[in-house]
Amino acid sequence: MALLLEYTAPVLVVAWLWASTVAAPATSRWSVAIAIAGIMLVLDVFSGAHSNLVGIAWASAARICAAVLRDVDEVSADGSRKEA
């Protein structure tokens, strides 16, 4: 379960981009909604599954680190974003 939570790092990257820009494109909104729905189905949160809070905390820390790493990788040495 912790590994699946860590794989939601791209959702955090999109959320950061939404927070730092004015508007979110409709395609990214749908992508985030599908990602969240998928993780909820895979983790089986609707059946009242038991989860370990320590594992969730470590997974969340790893997810944040992965999101920061992806964002930092996009920034050049002079502070500008790399072009795709």
Which atom names give the shortest non-hydrogen contact between A66 and A9, and what distance separates them?
->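 So the minimum-distance heavy-atom pair works out to CB-CB, 3.8 Å.
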
Linking I/L/V/M/F/W/Y whenever their side-chain heavy atoms sit closer than 4.5 Å, directly or via other members, would W58 and V11 fall into one cluster?
->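 Different clusters: W58 never reaches V11 through Ile, Leu, Val, Met, Phe, Trp or Tyr contacts under 4.5 Å.
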
Hey, any chance V32 and L41 share a hydrophobic cluster, counting ILVMFWY side chains that come within less than 4.5 Å of each other, even indirectly?
->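 Shared cluster, yes.
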
